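Worksheet for the structure shown next.
All residue numbers in this chain count up from 1 along the given sequence. Keep in mind that this is a model prediction, so the values were computed, not measured. Counting convention: from 1, in listed order, for ligands and their atoms alike.
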Amino acid sequence: MTQGDLVLMGPPGSGKGTQARRMVDELGYVQLATGDLFRAHLAQGTELGKLAQNYMSKGQYVPDDVTVKMVRERLADIPRKTRIVFDGFPRTVAQAEALDRLLKECGRSLTAVLLLEVPRDELLKRLGTRATCSRCQTVYSLAVRPPKVPGVCDRCGGPVSATARSDESPEVVKKRLEVYEAETKPVIEYYEKRGILKRVSGVGAMDEIGARLMALLERRKTPRSTA
Ligand code: ADP
Ligand code: ZN
């Protein structure tokens, strides 16, 4: 097992949420997904949820101060020994800097930042046909990765329906990809400079992609001699 926390990055539709959940199921990580936290707030009707929805429905990012505050509060509930996989956070350089501070404050550190890379054409195809399990929130793409049994979640057997999230109209999808390019690409450079970024192809079967990620994490355990 790895020593520290992980960040899983990738554009909308790259499948990072699905892969983060695998790390929870198979490696015992706790997932900290800012998109899920915002949606939970919205479902509970909190002020934060309402505020976040204004941005999410337009494909924009929720302001950094609001996002960081929410992450700080969630972090306080996670025991220090539990490894975290951050999913969808940080998305801006300011958030990445804030994460460094937050981790330091609670004696944590990042082992690696894993970036799932998927070509834009493929993202558009996936995002246009997303479907979600209403029980465990696993996300499918009916065009690219449907459940094995139509309408039934592979993971939990719950019902999978194509009820699109409010942020998935074609216009909003485009906007989200633009915002990713402008705001989140610099975060990739931020971690690349630090030497902890690992790029992984996010194209292929979910299990293959999962295996690629596992291989990267394994490799850290027994470093090879640099030839
Ligand atoms: P996706 O990865 O497909 O974009 P998410 O569930 O991670 O989906 O995020 C949905 C929306 O929630 C984003 O489009 C954005 O509006 C908001 N959001 C999630 N995480 C962040 C973040 N770290 N900073 C700002 N906004 C965020
Ligand atoms: Zn499910």
message: Contact between ligand 1 and Lys16 is defined here as a heavy atom of the residue under 4.0 Å from a ligand atom; is it met?
response: yes
query: Is there a heavy atom of Lys175 sitting under 4.0 angstrom from any atom of ligand 1?
result: no
- prompt: In Å and rounded to the nearest 0.5 Å, what is the CG to CE distance from Leu27 to Met214?
  reply: 4.5 Å
task: Can you figure out which of Met56, Met70, Arg130, Met9 has its heavy atom closest to atom 12 (O) of ligand 1?
output: Met56
- prompt: Quick one: which of Gln95, Arg126, Arg91, Lys58 has a heavy atom closest to atom 13 (C) of ligand 1?
  reply: Arg91
Name each donor-acceptor pair under 3.5 Å that joins a side chain in residues 66-79 to protein atoms two or more places apart or in another chain, with its distance.
{"residue": "Thr67", "atom": "OG1", "partner": "Val62", "partner atom": "O", "Å": "3.4"}
{"residue": "Thr67", "atom": "OG1", "partner": "Pro63", "partner atom": "O", "Å": "3.0"}

Which of the numbered atoms in ligand 1 are below 4.0 angstrom from a heavy atom of [X]?
{"X": "Thr34", "value": "19 (C), 20 (N), 21 (C), 22 (C), 23 (N)"}
{"X": "Thr67", "value": "22 (C), 23 (N), 24 (N), 25 (C)"}
{"X": "Gln60", "value": "15 (C), 16 (O)"}

Polar-atom distance check: [X] versus ligand 1, any N or O pair below 3.5 Å?
{"X": "Phe89", "value": "no"}
{"X": "Arg39", "value": "yes"}
{"X": "Val62", "value": "yes"}

field: Exercise: do Asp100 and Tyr190 side chains pair donor with acceptor under 3.5 Å
entry: yes
query: Would you say the side chain of Leu197 lies within less than 4.5 Å of the side chain of Ile188, judging by non-hydrogen atoms?
result: yes
Contacts of the Zn ion (ligand 2) with protein N/O/S atoms, counting only those under 2.8 Å: Cys133 SG, Cys136 SG, Cys153 SG, Cys156 SG
